[in-house]
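Here is the structure we will look at, set down as structure tokens.
So you know, we letter chains A, B, ... as the sequences are listed, proteins then strands, and number each from 1. Scope of the values below: all heavy atoms of this structure, side chains included, with no hydrogens, waters or symmetry mates.
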2 protein chains.
Amino acid sequence: MPRTPDYVRVVDGVTGLIKAGELKGGDRLPTYAELAKQYEVSVTTVQTALRILSERGLIEGQQGKGVFVCDDKRG
Amino acid sequence: MPRTPDYVRVVDGVTGLIKAGELKGGDRLPTYAELAKQYEVSVTTVQTALRILSERGLIEGQQGKGVFVCDDKRG
DNA sequence: CCACATTTGTCCGTATGTATC
DNA sequence: AGATACATACGGACAAATGTG
């Protein structure tokens, strides 16, 4: 049984918060540094995870401001 | 006018080959190292690009073997 | 089975750029 | 000007899977 990669843990964790409604459209995520600390991974790994979530349309990064949950388009 | 990031050039380049039919379902892509050389970027940047294409369902990596174009599901 | 080379996968640290506050 | 925060890019180190001999 292969172990779950760290970046998948982050992807799943953040996705779970969104799906559970603990993070709603427009909400700001913790910063890279905070997420890295929470999951005990490097900032690089956090970025990998967030890039995937961004590609999936769940979140959107805004330079200088933060990373935000996208509005649920229910599509 | 912001300049196009390197990884986007790779994403667009490979996507173009697939869309144009020069790379068909089941075909193997060049290795990381070869793509890095072709686009004059680092292997890390190639990996970033291929991760995106994988997330989009265009390609699929197989450890020890290579990266392959997914069968077009026409969906 | 073992050794080796090849290739993709994961993870880290760092540097620099860009945008916002 | 400075602090904060995301974005891009690189190099290195290992791990894991595959194929060959």
Whole-Å distance, A:Leu29 CG to D:dA5 P, equals 13 Å

Problem - Distance-only polar pair, side chains of A:Thr45 and A:Ser42, donor-acceptor under 3.5 Å - result: yes

Between its two end axes (five pairs each) the helix from C:dC2-D:dG21 to C:dC21-D:dG2 turns, nearest 10 degrees, through 10°

>> Count I, L, V, M, F, W, Y as connected when their side-chain heavy atoms are under 4.5 Å apart, and connections chain through other members. Are A:Phe68 and A:Leu58 then in the same cluster?
In response: no

To the nearest 0.5 Å, atom CG of B:Leu50 lies from atom CD1 of B:Ile59 at 4.5 Å

Applying salt bridge (Lys or Arg N to Asp or Glu O under 4.0 Å) to B:Arg28 and not counting sequence neighbours gives none

CD (B:Glu40) and CG (B:Leu35) are apart, to the nearest 0.5 Å, by 13.0 Å

Shared hydrophobic cluster, A:Leu53 / B:Ile52 (ILVMFWY, side-chain heavy atoms < 4.5 Å):
no

note: A:Leu35, atom CG; D:dA5, atom P; distance rounded to Å ~ 12 Å

So the contacted stretch of DNA chain C, first to last nucleotide with an atom under 4.0 Å from a non-hydrogen atom of chain B, runs from C:dT7 to C:dT10

I want to check a possible cation-pi pair here: A:Arg51 against A:Tyr7, using under 6.0 Å from ring centre and within 45° of the ring axis as the test. no

Practice item. Mind checking B:Arg51 for me? I need base, sugar-phosphate or nothing, with any heavy atom below 4.0 Å counting as a touch. Key: sugar-phosphate

To the nearest angstrom, the CD-C1' distance between A:Glu60 and D:dC6 comes to 12 Å

Report all side-chain donor-acceptor pairs from residues 9-22 of chain B shorter than 3.5 Å, counting only partners two or more places apart or in another chain.
| unit_1 | atom_1 | unit_2 | atom_2 | d |
| --- | --- | --- | --- | --- |
| B:Arg9 | NH2 | B:Asp6 | OD1 | 3.2 |
| B:Arg9 | NH2 | B:Tyr39 | O | 3.3 |
| B:Thr15 | OG1 | B:Val11 | O | 2.6 |

Quiz item: Under 4.0 Å between a side-chain N or O of A:Tyr32 and OP1 or OP2 of D:dA7?
Solution: yes

- How about B:Gln38 and B:Pro30: do any of their side-chain heavy atoms sit closer than 4.5 Å? yes

A correct 5'-to-3' footprint of nucleotides 11-21 of chain D, with B, S and - meaning base, sugar-phosphate only and no protein heavy atom under 4.0 Å, is B---BBBS---

A:Arg56 meets the salt bridge (Lys or Arg N to Asp or Glu O under 4.0 Å) criterion, sequence neighbours left out, with B:Glu55

Quiz item: Looking for any heavy atom pair under 4.0 Å, which part of the strands does A:Arg9 touch: base, sugar-phosphate only, or nothing?
Solution: nothing

